[in-house]
Amino acid sequence: MGELQKPRGTRDVLPEEASRWRLLEDRARQVAARYGYGELRTPLFEVTELFRRGVGEDTDIVGKEMYTFLDRKGRDMTLRPEGTAPAVRAFLEHNLGAGPQPVRLFYLQPAFRYERPEEGRWRQHHQFGAECFGAAGAAADAEVIALAVDFLRTAGVADFRLRLNSIGCPACRPAYRAALREYYRPLLPLLCADCQERFGQNPLRLLDCKVDTAHAAGAPRTADHLCTDCREHLQGLEALLARLRISFDRDPTLVRGLDYYTRTVFELESPRLGSQSALGGGGRYDGLVELLGGQPTPAVGGGVGLERTLLALEAGGAPAPTVEPPQVFVASVGEEYALEAMGVASQLRSAGVRVITDPLGRSLKAQLKQAARAGARWTVILGEELSRGVLVLRDMAAGVQEEVPAGELLTRIDKGVV
RNA sequence: GUGGAUGUAGCUCAGGAGGUUAGAGCACCAGGUUGUGGCCCUGGGGGUCGGGGGUUCGAGUCCCCUCAUUCACCCCA
């Protein structure tokens with residue numbers, strides 16, 4: 001390795017892999033269109049304050065994972081670590097709340113988090129996300145979840161699990177939080193160091209402690225402490241998912257690390273991915289729009305990680321899509337015909353044919369080898385017969401060739417290639 | 001951020017408990033065919049042995065540091 005390497009936790013996508021990416025992105029756009037979501041493109045960076053307020057000061061993302069820098073005028077900026085806060089900002093900045101509701105937006109974009117990289121977790125990753133503003137009912141939750149599930153299915157991910165929970169709302173969460181504290185207080189000395197901290201800051205996250213699941217198992221359950229509205233919302237969502245034939249597991253320990261969620265939270269996970277198993281996730285965030293300065297607006301959203309989707313596809317043995325090979329290789333015999341080759345190639349390209357030539361002045365033998373390797377259906381050979389106005393057209397698969405008048409080349413190829 | 005593993009050609013890997021010019025297969029290039037590919041034969045180009053420092057007469061091989069990857073934790077996409 002040289003001294004100049006890509007930054008830690010980032011990846012290069014070479015042509016072969018890029019075709020996988022294009023396919024996946026196409027699928028994402030198709031699915032978004034089928035659900036009526038319009039594409040949103042926001043800047044790669046935002047003022048840091050947006051994430052501090054939007055994502056939450058106590059979260060891991062804001063606390064230790066942001067790529068933050070001062071610009072030349074000393075303004076505090078951050079590479080976007082997630083998509084929801086910028087979407088809300090754009091929703092407000094363009095006053096989308098004034099138009100027809102709900103407002104449905106999707107994005108296909110990178111996000112940046114300063115974490116320790118490993119397989120499945122990178123410092124720059126890409127998300128397909130969807131946000132729905134202005135719909136308070138469970139139908140919107142179901143729609144966003146269905147969209148994410150639909151995307152994974154359309155992409156070809158064979159098996160994944162949907163986990164679902166409700167973490168309540170400002171009306172019922174305080175009481176639940178208090179109940180949790182009451183339960184955990186006597187256990188406090190037994191908890192892991194992280195959990196001792198969580199106890200004070202965000203007791204809900206005590207639930208997804210993996211160090212000691214025994215404690216969480218006996219803890220008060222969210223479902224038993226939801227207010228009537230939240231309980232009905234969750235029941236409504238479950239009924240809708242059942243109607244959509246989307247199976248799910250209720251998981252009372254599912255909390256998620258972002259502060260803005262209310263009621264519904266969900267995660268999609270793959271059994272094939274090892275420790276970074278979440279393919280996607282999301283939830284409802286009814287308080288966020290107001291928190292960022294707008295009118296109270298219910299909203300729900302979610303995202304799916306593209307890298308992890310690709311990993312799950314490969315783990316599931318999905319075949320790699322092929323790069324489109326050239327249709328024609330134009331070969332020439334000797335330097336004197338190299339110019340002619342460029343001309344013929346140019347003419348074919350104007351007609352929309354995918355053509356390559358040999359820029360290295362190699363032997364005909366080597367050129368045919370290149371043609372075969374590149375997967376060209378035809379090889380055009382230019383040599384002395386050009387003086388008679390003909391060239392040689394070789395069918396690479398069949399291994400046969402014939403002389404063709406130069407003027408008929410395009411029609412011959414068209415017939416064969418189409 | 002914590003703990004562990006790994007790091008030799010483009011790729012997959014050999015290099016017995018330090019010893020002379022670091023190897024193989026595949027890939028790449030050329031020749032065998034003065035104008036013809038996929039097979040075969042012959043030859044060739046490629047390596048700061050991840051990087052730096054140290055021990056030693058001598059280090060790919062031992063020690064330290066560092067970088068990268070990877071496994072788990074943490075967290076999430």
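Naming: A, B, ... by sequence-line order, numbering from 1 per chain.
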Evaluation steps, side-chain contact (heavy atoms from CB on, under 4.5 Å), between A/Arg263 and A/Asp141: CA-CA 10 Å; A/Arg263 294 188 171 168; A/Asp141 306 47; 5.7 Å; no
Audit row: A/Arg11, A/Glu307, salt bridge (charged side-chain N to carboxylate O under 4.0 Å, His left out) steps and yes/no: CA-CA 10 Å; A/Arg11 308 210 303 169; A/Glu307 283 87 351; 5.3 Å; no
Stepwise side-chain contact (heavy atoms from CB on, under 4.5 Å) check, A/Cys169 with A/His233: CA-CA 11 Å; A/Cys169 66; A/His233 188 91; over 6 Å; no
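Across the protein-nucleic acid pair, A/Glu269 atom CD and B/rA77 atom P stand 13 Å apart, rounded to whole Å. Look at CZ on A/Arg308: it is 11 Å from P on B/rC76, rounded to the nearest Å. Note: CG (A/Asp358) to P (B/rA30) measures 9 Å, nearest angstrom. The nearest whole Å value for the distance from the CG atom in A/Asp60 to the C1' atom in B/rU2 is 14 Å. A/Glu115 places its CD atom 13 Å from the C1' atom of B/rC73, with the value rounded to the nearest Å. Regarding A/Asp58, its CG atom lies at a distance of 13 Å from the P atom of B/rC76, rounded to whole Å. Between A/Glu65 atom CD and B/rC74 atom C1' the separation is 9 Å, expressed in whole Å. Rounded to whole Å, the distance from CD on A/Gln5 to P on B/rA68 is 7 Å.
Comparing the P positions of B/rA30 and B/rA22 gives an interatomic distance of 27 Å, to the nearest angstrom. Here, B/rG31 and B/rG45 have their P atoms 16 Å apart, quoted to the whole Å. Separation of the P atoms belonging to B/rU70 and B/rA59 is 33 Å when rounded to the nearest angstrom. Here, B/rG25 and B/rG46 have their C1' atoms 16 Å apart, quoted to the whole Å. For the C1' atom pair drawn from B/rA5 and B/rA9, the interatomic distance equals 24 Å after rounding to whole Å. Spacing between B/rU66 and B/rU48 at atom P, rounded to whole Å, works out to 24 Å. Taking atom C1' in both B/rC62 and B/rA17, the straight-line distance is 11 Å, to the nearest Å. Rounded to whole Å, the separation between the C1' atoms of B/rU36 and B/rC49 comes to 42 Å.
More than 12 non-hydrogen atoms from other residues, nucleotides or ligands lie less than 6.0 angstrom from OH of A/Tyr183. When the shell of 6.0 Å around OH of A/Tyr114 is examined, it contains 12 or fewer heavy atoms from other residues, nucleotides or ligands. Around CD of A/Glu182, the count of heavy atoms belonging to other residues, nucleotides or ligands within 6.0 Å does not exceed 12. Residue-environment remark: CD (A/Glu403) exceeds the threshold of 12 foreign heavy atoms within 6.0 Å. In the displayed structure, A/Arg221 atom CZ is contacted under 6.0 Å by at most 12 heavy atoms of other residues, nucleotides or ligands.
No N or O donor and acceptor, one from the side chain of A/Glu119 and one from the base of B/rA72, sit under 3.5 Å apart. Looking at A/Arg205, its side chain has no donor and acceptor atom pair within 3.5 Å of the base of B/rC74.
Aromatic rings from A/Tyr184 and A/Phe199 are positioned such that their centres are separated by 6.0 Å or more.
Neither OP1 nor OP2 of B/rU69 sits under 4.0 Å from any side-chain N or O of A/Arg121. Using a 4.0 Å cut-off, some side-chain N or O of A/Arg8 falls inside it from OP1 or OP2 of B/rU69.
Look at B/rU2: its Watson-Crick or wobble partner, with both distances under 3.5 angstrom, is B/rA72. In a base pair of the Watson-Crick type (N1 to N3 plus N6-O4 or O6-N4) or a G-U wobble (N1-O2 and O6-N3), with each distance short of 3.5 Å, B/rU36 is matched with no nucleotide. Searching all strands for a Watson-Crick or G-U wobble partner of B/rG58 with both distances below 3.5 Å returns nothing. Remark: B/rU21 base-pairs with no nucleotide; criterion is Watson-Crick or G-U wobble with both hydrogen-bond distances under 3.5 Å. Pairing partner, B/rA30: B/rU42, with both Watson-Crick or wobble hydrogen-bond distances short of 3.5 Å. Using the Watson-Crick or G-U wobble rule with both distances under 3.5 Å, B/rG7 pairs with B/rC67.
At the heavy-atom level, A/Gly83 lies nowhere under 4.0 Å from the strands shown. Using a 4.0 Å heavy-atom distance criterion, A/Gly334 is classed as making no nucleic acid contact. A/Arg113 comes within 4.0 angstrom of a nucleotide base, judged by non-hydrogen atoms across all strands.
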Please produce a list of atom pairs where a protein N or O lies less than 3.5 Å from an N or O of nucleotides 32-39 of chain B.
| unit_1 | atom_1 | unit_2 | atom_2 | d |
| --- | --- | --- | --- | --- |
| B/rG32 | N7 | A/Lys365 | NZ | 3.2 |
| B/rG32 | O6 | A/Lys365 | NZ | 3.3 |
| B/rG35 | O6 | A/Glu384 | N | 3.3 |
| B/rG35 | O6 | A/Glu384 | OE2 | 3.1 |
| B/rG35 | O6 | A/Glu385 | OE1 | 3.1 |
| B/rG35 | N1 | A/Glu385 | OE1 | 2.6 |
| B/rG35 | N1 | A/Glu385 | OE2 | 3.4 |
| B/rU36 | O2 | A/Arg394 | NH1 | 3.3 |
| B/rU36 | O2 | A/Gln401 | OE1 | 3.2 |
| B/rU36 | N3 | A/Gln401 | OE1 | 2.9 |
| B/rU36 | N3 | A/Gln401 | NE2 | 2.8 |
| B/rU36 | O4 | A/Gln401 | NE2 | 2.6 |
| B/rG37 | N7 | A/Arg394 | NH2 | 2.7 |
| B/rG37 | O6 | A/Arg394 | NH2 | 2.8 |
| B/rG37 | O6 | A/Met396 | O | 3.2 |
| B/rG37 | N1 | A/Met396 | O | 2.4 |
| B/rG37 | N2 | A/Met396 | O | 3.2 |

All N/O contacts under 3.5 Å from nucleotides 3-5 of chain B to the protein, with atom names and distances to one decimal?
| unit_1 | atom_1 | unit_2 | atom_2 | d |
| --- | --- | --- | --- | --- |
| B/rG3 | O6 | A/Arg116 | NH2 | 2.8 |

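Nearest-nucleotide positions on RNA chain B for A/Gly9 and A/Gln127 put A/Gly9 closer to the 5' end. Remark on RNA chain B: of its neighbouring residues A/Tyr261 and A/Lys6, the 5'-side contact belongs to A/Lys6, judged by nearest-heavy-atom nucleotide.
Ring geometry for A/His225 versus A/Tyr176: interplanar angle of 30 to 60°, hence tilted.
Under the side chain to side chain donor-acceptor pair (under 3.5 Å) criterion, A/His125 pairs with A/Gln127, sequence neighbours left out.
Atom CZ of residue A/Arg354 and atom CD of residue A/Gln327 lie 4.0 Å apart, to the nearest 0.5 angstrom.
Each of B/rC73, B/rG31, B/rC76 was ranked by its minimum atom distance to the side chain of A/Ser363; first place goes to B/rG31.
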